[in-house]
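For reference, the structure discussed in these notes is given below.
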Amino acid sequence: MDGQQLREALRDEMASVSSPPPLDTQTMLGSARRARNRRRTVRACVGSAAAVVAVGFFGTFAVPGAGGWSPAMIGAPSSEDDTASPWPTGPDGLPQQDRTARAGTRYDRGAELLDQLRAVVPAGYTVPESPEAPSHQAQYEQSIDEVDVWSYSSEVTLAKGEWTGRVMVEVHTAGNQLSTEPCKLARQFWGMQGDCEVVTVAAAQVGVVVNPGDDDRFDQWAAYRHPDGVVVFVAQATNHDSTLQSRPELPFSVPQLASLATNKRFHLQ
């Protein structure tokens with residue numbers, strides 16, 4: 001097909017097609033407005049749906065609770081656990097910043113425990129002054145059946161001639177869930193194991209670990225649970241010297257250690 005034939009074919013094709021209707025300006029503007037409104041409506045609905053999904057997502061998975069981030073229902077009232085502080089109230093009437101009491105009644109009881117421990121140091125032993133010892137601490141453990149359980153601990157360094165060692169007392173207040181069986185209770189002290197024997201002090205049954213095995217944090221310790229649930233641990237250790245053929249004598253004998261665990265001076269609430 002040459003150029004002339006192409007032009008004639010195009011004219012024939014255009015002549016066979018019906019002409020479009022005349023342009024109506026008002027009709028075209030109305031159609032454009034309706035199309036624009038439809039687009040706006042669609043965008044608004046999509047945006048609202050995305051917002052609902054986003055709120056639902058964060059409301060379900062990003063609600064802070066006492067134990068971290070936990071699920072919650074949108075619009076549901078907050079439970080007491082969601083807003084309650086995990087720490088007890090300090091002496092200033094505000095929640096503590098952590099488990100340790102640094103002032104107030106609980107702190108004072110920890111200091112009292114240290115005074116009571118110093119009072120039972122055997123004759124012939126001294127308590128050297130050092131930056132690390134003596135020490136004491138009062139620590140909130142947990143709440144069980146709406147009862148706050150606390151632990152108090154105190155430790156002193158002892159010296160006698162060239163010998164040095166330490167003695168520690170740890171008290172858990174009533175409401176704790178420690179064992180009632182003497183030797184099982186003794187093995188709950190810092191999770192340490194060892195050979196245990198039950199020592200009778202008056203009518204009290206005291207678990208005493210006399211040989212800790214491979215654990216050398218303490219050489220011996222006693223454990224006693226008072227009838228009201230207060231638990232007392234008393235532990236003693238010598239600063240081990242690898243050049244010695246045998247273990248140096250400890251400050252307290254096994255019966256004395258057991259007796260200290262039942263001593264009322266360490267019965268703290």
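Side chains are part of it too, since the values below use all heavy atoms of this structure and drop only hydrogens, waters and symmetry mates.
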Return the set of residues passing side-chain contact (heavy atoms from CB on, under 4.5 Å) with [X] (not counting sequence neighbours), or none when no residue passes.
X: Ala258; answer: Val199, Val201, Val206, Val208
X: Asp228; answer: His226, Val230, His267, Gln269
X: Ala223; answer: Leu185, Ala186, Phe233

task = Please work out which of the three classes, parallel, tilted or perpendicular, describes the rings of Tyr125 and Trp163, given edges at 30° and 60°.
result =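 Trp163 vs Tyr125 ring planes: perpendicular.
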Applying salt bridge (charged side-chain N to carboxylate O under 4.0 Å, His left out), can you list everything that pairs with [X], at least two apart in sequence or on another chain?
X: Arg187; result: none
X: Arg99; result: none
X: Asp195; result: none

Taking all heavy atoms of [X] and all of [Y], pick out the closest pair and write down the distance.
X: Cys183; Y: Val198; value: SG-CG2, 3.9 Å
X: Ser154; Y: Gly110; value: OG-O, 3.3 Å
X: Gly165; Y: Asn239; value: N-ND2, 3.9 Å
X: Lys160; Y: Gly124; value: CG-O, 3.5 Å
X: Val254; Y: Glu197; value: CG1-OE2, 3.7 Å
X: Gln236; Y: Pro251; value: OE1-CD, 3.3 Å

Count I, L, V, M, F, W, Y as connected when their side-chain heavy atoms are under 4.5 Å apart, and connections chain through other members. Are [X] and [Y] then in the same cluster?
X: Met192; Y: Val209; value: yes
X: Leu268; Y: Val120; value: yes
X: Leu117; Y: Tyr107; value: no
X: Leu178; Y: Val147; value: no
X: Val171; Y: Val121; value: yes

Those residues that, when tested against [X], pass side chain to side chain donor-acceptor pair (under 3.5 Å) (two or more places apart):
X: Tyr224; result: none
X: Gln205; result: Thr200
X: Ser253; result: Gln256
X: Asp148; result: Ser143

inquiry  = Counting only heavy atoms not in Asp98 (residues, nucleotides, ligands), do more than 12 fall under 6.0 Å from its CG?
reply    =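 Yes, because the 6.0 Å sphere around CG of Asp98 holds more than 12 heavy atoms from other groups.
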key: Sequence neighbours excluded - salt bridge (charged side-chain N to carboxylate O under 4.0 Å, His left out) pairs with any residue from residues 260-269   =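 For residues 260-269, and leaving out neighbouring residues, there are no salt bridge (charged side-chain N to carboxylate O under 4.0 Å, His left out) pairs at all.
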If you round to the nearest 0.5 Å, how far is [atom2] of [Y] from [atom1] of [X]?
X: Trp150; Y: Tyr140; atom1: CH2; atom2: OH; result: 8.5 Å
X: Thr164; Y: Glu162; atom1: OG1; atom2: CD; result: 10.0 Å
X: Thr126; Y: Leu158; atom1: OG1; atom2: CG; result: 7.5 Å

Min side-chain heavy-atom separation [X]-[Y] under 4.5 Å:
X: Leu250; Y: Thr238; answer: yes
X: Pro212; Y: Phe218; answer: no
X: Val167; Y: Glu155; answer: no
X: Arg118; Y: Val156; answer: yes
X: Val169; Y: Leu114; answer: no

inquiry  = Consider side-chain hydrogen bond (donor to acceptor under 3.5 Å, both in side chains). Of Gln139, Gln137, Glu112, Arg106, which one does Tyr152 pass it with?
reply    =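 It is Arg106; the other options fail the test.
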key: Inter- and intrachain pairs under side-chain hydrogen bond (donor to acceptor under 3.5 Å, both in side chains), touching residues 169-180, at least two apart   =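 Passing the test, one end in residues 169-180: Glu170-His172, Glu170-Trp190, Asn176-Arg225.
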side-chain contact (heavy atoms from CB on, under 4.5 Å) assessment of Leu113 paired with Arg109 = CA-CA 6 Å; Leu113 182 63; Arg109 287 178 183 169; over 6 Å; no
